[in-house]
Amino acid sequence: MARILQLGDSILDNGTYVAAGEPDIAAQISAHGHDVEMAAVDGSRAIDVRVPELSFAPVLTVLSVGGNDALEQIGLLADPEELTFAAAITRLHAVR
């Protein structure tokens with residue numbers, strides 16, 4: 001049995017996005033006999049991620065964050081002018 005810490009956003013805290021009656025990520029992991037510490041929060045940005053006081057020492061930590069940060073910058077890529085990949089990366093790099 002693994003002890004798993006999940007940090008991040010709705011990719012991991014996905015209960016509101018799965019079909020009714022379907023298990024979220026944490027439930028799927030638990031169903032395989034693993035302990036899950038859910039510290040991911042839907043809507044989190046990278047700056048919001050915090051490691052909580054844990055009830056166990058995790059064997060594995062999963063981090064999935066950044067999608068909400070990217071959504072805040074969607075205007076950079078929603079330009080009517082066609083962008084090359086290099087131009088898009090240059091715009092995103094400037095936000096970094």
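For the residue pair Y17/D24, the side-chain donor-acceptor check at 3.5 Å is not satisfied.
Remark: side-chain polar atoms of D35 are not paired, donor with acceptor, to backbone N or O of R3 under 3.5 angstrom. Without hydrogens or angle criteria, N68 side chain to S44 main chain gives a donor-acceptor distance under 3.5 Å. Checking side-chain atoms of S10 against main-chain N and O of D13 turns up no donor-acceptor pair under 3.5 Å.
Placement of V62 and V36 within a single hydrophobic cluster is found when ILVMFWY residues are connected by side-chain heavy-atom separations under 4.5 Å, directly or transitively. The hydrophobic clustering, which links ILVMFWY residues whose side-chain heavy atoms are closer than 4.5 Å, places L63 and L60 apart.
In this structure the side chain of P52 reaches within 4.5 angstrom of the side chain of L7, judged on heavy atoms. In this structure, R91 and L83 have side chains that are in contact, with non-hydrogen atoms separated by less than 4.5 Å. In this structure, E37 and P58 have side chains that are not in contact, with every pair of non-hydrogen atoms separated by 4.5 Å or more.
For the atom pair Q6 CD and M38 CE, the distance stands at 4.0 Å (nearest 0.5 Å). How far NE2 of H34 is from CD of Q28: 12.0 Å, rounded to the nearest 0.5 Å. The line from CG of D48 to CG of D69 is 8.0 Å long, rounded to the nearest 0.5 Å.
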Before giving the answer on side-chain contact (heavy atoms from CB on, under 4.5 Å), spell out for V51 and L5 the whole-Å C-alpha distance, their side-chain angles and the decisive distance to 0.1 Å.
-> CA-CA 9 Å; V51 177; L5 169 62; 4.3 Å; yes
Derivation of the side-chain contact (heavy atoms from CB on, under 4.5 Å) call for D42 and D9 | CA-CA 5 Å; D42 184 12; D9 57 22; 5.9 Å; no
Kindly determine whether E72 and R45 satisfy salt bridge (charged side-chain N to carboxylate O under 4.0 Å, His left out), including the steps that lead there.
-> CA-CA 10 Å; E72 290 178 356; R45 296 168 300 137; 3.7 Å; yes
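Applying the 6.0 Å contact sphere to CZ of F56 captures more than 12 heavy atoms from other residues, nucleotides or ligands. For CG of L71, the number of neighbouring non-hydrogen atoms (other residues, nucleotides, ligands) closer than 6.0 Å is greater than 12.
Between E22 and V18, the closest heavy-atom pair is O-CG2, 3.5 Å. When all heavy atoms of G8 and V65 are compared, the pair lying nearest together is CA-CB, 4.1 Å.
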